[in-house]
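We count ligands from 1, going down the list as the structure has it; atoms in each ligand are counted the same way.
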Amino acid sequence: LIRILFSAGNGDWPEWEDPLRAALAHEGVAAELSAELPPGEADLLIWSPASAIRDLTSFPRLKAVFSLWAGVEKVPGLTTLTVPLARMVDPGMSAAMAEWVTGHVLRHHLGLDPVVRGLKGEWRGLPVPPPARSRQVGILGMGELGRAAGRMLSGIGFPVTGWARHGADSAFARIESGEAGLARVLGAAEILVLLLPLTGATRGLLDAARLQLCRRGQVIINAGRGGLIEEAALLAALDTGQIGHATLDVFAAEPLPPDHVFWRHPKITVSPHVAAATNPATAAPALVANLAGFLRGEGLKNRVDPDHGY
Ligand code: GLV
């Protein structure tokens with residue numbers, strides 16, 4: 001009998017138990033699923049950063065780890081992990097991310113703020129937005145989430161250029177790679193979306209020098225990880241107008257401390273890491289389908305490469 005340990009935040013188990021059990025039954029997996037197995041008994045581990053487990057070396061029987069999060073930078077011992085690790089890939093999460101990103105792109109594209117804030121009795125003309133087809137959108141990171149966002153934005157008419165470690169142009173996006181490609185994306189985009197994983201190669205990617213390469217007045221939307229941007233450099237670039245606005249869903253330290261300058265900065269919109277929260281209704285079936293395939297010997301999908309960190 002396969003024993004699966006679920007270890008996430010204190011309040012998570014009640015939300016996940018039923019969808020996970022239903023998915024296991026649906027996949028025909030006979031397993032003991034529990035939030036309380038001793039480490040010595042767990043064959044498989046379902047883990048989120050809210051888990052109290054900080055060390056995977058004390059799990060002698062462990063055969064695989066399933067992350068409840070798409071981003072896996074907090075998985076203990078990520079770079080030395082000896083068992084396969086799957087990151088969360090869930091069509092429901094991809095759709096939610098595409099919608100969140102599209103909503104925030106459209107806010108800036110259409111200049112919605114004055115109307116949403118309220119015109120206070122003043123009937124006046126507002127700047128006319130250009131058609132979507134002449135608004136360049138750049139997306140750093142063209143994985144599951146970046147591609148989903150790109151497809152939706154392109155469907156609206158935005159020209160989308162993505163930046164990825166590798167990859168070919170698709171029907172909905174041109175793909176750039178490498179340092180020169182990054183400079184081209186930064187320099188062309190009026191709206192820049194960050195959906196990269198946080199790894200040794202991407203930490204601090206948008207530093208002072210690269211922010212200088214951005215198209216002047218660019219709007220940055222970060223739905224990836226806070227560590228992708230150097231906060232002090234971003235503040236400086238907002239002050240000079242080099243960057244026009246930053247909509248941030250993720251931060252170097254979360255929760256963002258109440259006294260952090262971002263909360264009250266006129267050119268920063270703070271969103272409390274809600275862009276595409278894992279939803280058990282869609283994520284449990286996706287996770288368990290992968291788990292079942294792994295148990296059948298079909299290999300693990302969405303497997304993290306410890307060398308690349310995602
Ligand atoms: C959330 O940030 C995730 O990585 O799933």
> As an exercise, identify every atom of ligand 1 less than 4.0 angstrom from a heavy atom of Met93.
5 (O)
> Could you grab the distance from atom OG of Ser67 to atom CG of Leu85, nearest 0.5 Å is fine?
6.5 Å
> Find all atoms of ligand 1 within a distance of less than 4.0 Å from any non-hydrogen atom belonging to Arg225, and give their numbers and elements.
1 (C), 2 (O), 3 (C), 4 (O)
> Counting only heavy atoms closer than 4.0 Å, does ligand 1 sit against the backbone of Met88, its side chain, both, or neither?
neither
> Under a 4.0 Å N-O cut-off, is there an ion pair linking Arg3 with Asp43?
no
> Counting heavy atoms not belonging to Arg174, are there more than 12 under 6.0 Å from its CZ?
no
> Identify the closest protein heavy atom to atom 2 (O) of ligand 1: which residue and atom is it, and at what distance?
His273 NE2, 2.6 Å
> Any nitrogen or oxygen of Leu68, side chain or backbone, less than 3.5 Å from one on ligand 1?
no
> If you round to the nearest 0.5 Å, how far is CD1 of Ile2 from CD of Glu32?
11.0 Å
> State whether Arg203 and Glu230 are salt-bridged, where the test is any N-O pair (Lys NZ or Arg NE/NH1/NH2 against Asp/Glu carboxylate O) under 4.0 Å.
no
> Hey, is ligand 1 close enough to Ala70 that some N/O pair sits below 3.5 Å?
yes
